[in-house]
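Side chains are part of it too, since the values below use all heavy atoms of this structure and drop only hydrogens, waters and symmetry mates.
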Amino acid sequence: MAHLFLVKDIAFQAGLSTATVDRVLNGRPGVRGQTEMRVKAAIAELEKQQAGAIGSGRVLAVDIVMETPQRFSDAVRAAFEAEMATFLPGVFRCRFHFAEVMKPAELVQLLDRIRLRGTHGIVLKAPDVAEVAAAVARADAAGIPVVTLVTDLPNSARIAYAGADNRAAGETAAYLIGEFLGTDGGKVLVTLSSGRFRGEEEREIGFRRVIRARYPAIGITEISEGHGTDAATGTLAAAALAADPAINAVYSIGGGNRAVFAAFDVAKRPVRVFVAHDLDADNRALLAARRIGFVLHHDLRTDARSAFRAIMSRATALPRTVPASLSSVEIVTPYNMPAGD
């Protein structure tokens, strides 16, 4: 397997031991096909990153850790890869760790493994639970800065948060739906991927506050723990529709929107207005088809830039904490949808 990189660099990128990588590179027996694929993918990633880098600059290796549906992780990967080149000659090299669902213990094990292996920083999208906060504290004590992405861990040792003002985003969704439904009222299906994510909780709090204060004729039904996956979210949405004939609008906080629409279609129920988050591939298609009315979008490249700057500040011995720099929320319709990357 031809390559130009040190075994330790390939091992770091692949998340494997140097001994395992050495066995793969030299074609020794006893290596699983999946392991060989991880090594090949790591080499391809290093080649891609090296192509846009200036070799004379300092390389900062960063681990991006996320529990999130693939459609969103794809968008995040694209944003971070696009931003890496803007920091030359201080070159960032990213290693991505994505899973649609992770138990807290699995996430903690991954964070501890990264800490022990070594990294210049961690960018983290994770549930706001005590065991994750403890893992962040261990990383910080080891001199590894942690930046939270799109959902915060404010009571942890993270040095910065990169993302939008989630409470304001929820309030904006309430305004859009409330003004659209008007005095006719109805009931909004609010979908969360999981109540463990503070960012989603803050969106819901902002949404409920404005609906309660300004649009009392509108009710709310919430579903959660579908983890943004189509199968689980669709099942939860179908059950909610069967139980409540008044539901006629959707505020999708956690994704799975194709499945939500499918549940409405099967039930032969109209959706008067649908507000979603993020311009991932699914939402772009649904917006173009005029099924989604509004997407609340914030620029993930801005978030990536903020995360990189926060990690660089620690690497250059600047202050331990970085002032908040929230990305702005844009209301996107079928008529002002920006071009994809």
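Under the salt bridge (charged side-chain N to carboxylate O under 4.0 Å, His left out) criterion, R28 pairs with D22, not counting sequence neighbours. In this structure, the side-chain contact (heavy atoms from CB on, under 4.5 Å) partners of A19, at least two apart in sequence or on a different chain, are S17, R23. Residues forming a salt bridge (charged side-chain N to carboxylate O under 4.0 Å, His left out) with D152 (at least two apart in sequence, or on another chain): R158. The salt bridge (charged side-chain N to carboxylate O under 4.0 Å, His left out) check on R167 picks up nothing, with sequence neighbours excluded. Applying the side-chain hydrogen bond (donor to acceptor under 3.5 Å, both in side chains) test to T119 and every residue at least two apart in sequence or in another chain returns D63. Scanning for side-chain contact (heavy atoms from CB on, under 4.5 Å) contacts around D282 gives R71, R258, D280, with sequence neighbours left out. Listed by chain and number, the residues in a side-chain hydrogen bond (donor to acceptor under 3.5 Å, both in side chains) with T35 amount to none (sequence neighbours excluded). Among residues two or more places apart in sequence or in another chain, the side-chain hydrogen bond (donor to acceptor under 3.5 Å, both in side chains) test is passed with R113 by none.
Proximity of a side-chain donor or acceptor of H120 to a complementary backbone N or O of A61 within less than 3.5 Å is detected. Formation of a donor-acceptor pair under 3.5 Å by the E100 side chain with backbone atoms of Q70 is found in this model.
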*Run the side-chain hydrogen bond (donor to acceptor under 3.5 Å, both in side chains) check on N336 and T333 step by step: do they pass?*
CA-CA 6 Å; N336 70 332; T333 74; 3.1 Å; yes
*Going through the checks in order, is the side chain to side chain contact (heavy atoms under 4.5 Å, CB included) test met by Q109 and D112?*
CA-CA 5 Å; Q109 184 180 48; D112 285 339; 5.9 Å; no
*Go through the steps for R196 and V132 under the test side chain to side chain contact (heavy atoms under 4.5 Å, CB included), then give the verdict.*
CA-CA 11 Å; R196 300 177 301 150; V132 171; over 6 Å; no
*Stepwise side-chain hydrogen bond (donor to acceptor under 3.5 Å, both in side chains) check, D299 with S327*: CA-CA 7 Å; D299 184 14; S327 50; over 6 Å; no
*Kindly indicate, with the supporting measurements, whether the criterion side chain to side chain contact (heavy atoms under 4.5 Å, CB included) is fulfilled by E179 and R214.*
CA-CA 10 Å; E179 292 296 306; R214 295 183 56 113; 4.2 Å; yes
_Residues D278, N283; criterion side-chain hydrogen bond (donor to acceptor under 3.5 Å, both in side chains); working and verdict_ = CA-CA 7 Å; D278 305 315; N283 285 347; 6.0 Å; no
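The shortest distance between side-chain heavy atoms of I43 and I10 falls below 4.5 Å. Side chains of V150 and H277 form no contact here, defined as non-hydrogen atoms less than 4.5 Å apart. Proximity of I311 to V123: side-chain heavy atoms (C-beta onward) are separated by under 4.5 Å at one or more points. Between M66 and F96, the closest side-chain pair of non-hydrogen atoms is not below 4.5 Å.
The local environment of CZ in R32 is sparse, with at most 12 non-hydrogen atoms from other residues, nucleotides or ligands closer than 6.0 Å.
Note that CE of M102 is 9.5 Å distant from NE2 of H97, once rounded to the nearest 0.5 Å. Taken to the nearest 0.5 Å, the OG atom of S306 stands 12.5 Å off from the CZ atom of R301. Here the CZ atom belonging to R77 is positioned 14.0 Å from the CG atom belonging to L300, to the nearest 0.5 angstrom. In this structure, the separation between CD on E171 and CD1 on I205 is 10.5 Å, given to the nearest 0.5 Å. Atom CZ of R290 sits about 4.5 Å away from atom OH of Y335, to the nearest 0.5 Å. Put simply, CE on M312 and CG on L60 are 6.0 Å apart, with the number rounded to the nearest 0.5 Å.
Within the structure, side chain to side chain donor-acceptor pair (under 3.5 Å) contacts touching residues 224-238 (residues at least two apart or in different chains) are S194-E225. Residue pairs meeting the side chain to side chain donor-acceptor pair (under 3.5 Å) criterion with at least one partner in residues 260-272, sequence neighbours excluded, are D265-R291.
V59 and I122 fall into different hydrophobic clusters, defined by Ile, Leu, Val, Met, Phe, Trp and Tyr side-chain heavy atoms under 4.5 Å apart, directly or through other members. One hydrophobic cluster, built from ILVMFWY side chains closer than 4.5 Å, cannot hold both F92 and I144; they sit in different ones. Hydrophobic clustering, with ILVMFWY side chains joined whenever heavy atoms are under 4.5 angstrom apart, groups F72 together with F80. In the hydrophobic clustering of ILVMFWY residues, with side-chain heavy atoms under 4.5 Å counting as a link, L153 and V147 come out apart. With hydrophobic clusters built from ILVMFWY side chains whose heavy atoms lie under 4.5 angstrom apart, V129 does not share a cluster with L149.
The heavy-atom pair separating G255 from S252 by the smallest distance is N-OG, 3.3 Å. In terms of heavy atoms, A232 sits closest to G226 at CB-O, 3.6 Å. The minimum heavy-atom distance linking A164 with H298 is given by the pair CB-CG, 3.9 Å. When every heavy atom of A263 is checked against every heavy atom of A238, the shortest pair comes out as CB-N, 3.8 Å. Of all the heavy atoms in N248 and G186, the pair that sits closest is OD1-CA, 3.6 Å. Here the closest non-hydrogen pair linking R284 and A339 is NH2-O, 3.5 Å.
For the side-chain contact (heavy atoms from CB on, under 4.5 Å) criterion with L124, the lone passing option out of T151, I64, V65 is V65.
Other members of the cluster containing V188 are Y175, L176, I177, F180, L181, V190, L192, F207, V210, I211, Y215, I218, I220, Y251, I253, V273, V275, F294, L296, V329, I331, with ILVMFWY side chains joined at under 4.5 Å, either directly or via other members. Other members of the hydrophobic cluster containing M337, listed by chain and number, are L189, I223, L236, L241, I247, V250, V260, F261, F264, V271, F274, L279, L286, L287, I292, V295, V332; membership follows side-chain contacts under 4.5 Å among ILVMFWY residues, whether direct or relayed.
Cation-pi geometry between K125 and F197 is satisfied (NZ or CZ under 6.0 Å from the ring centre, within 45° of the ring normal).
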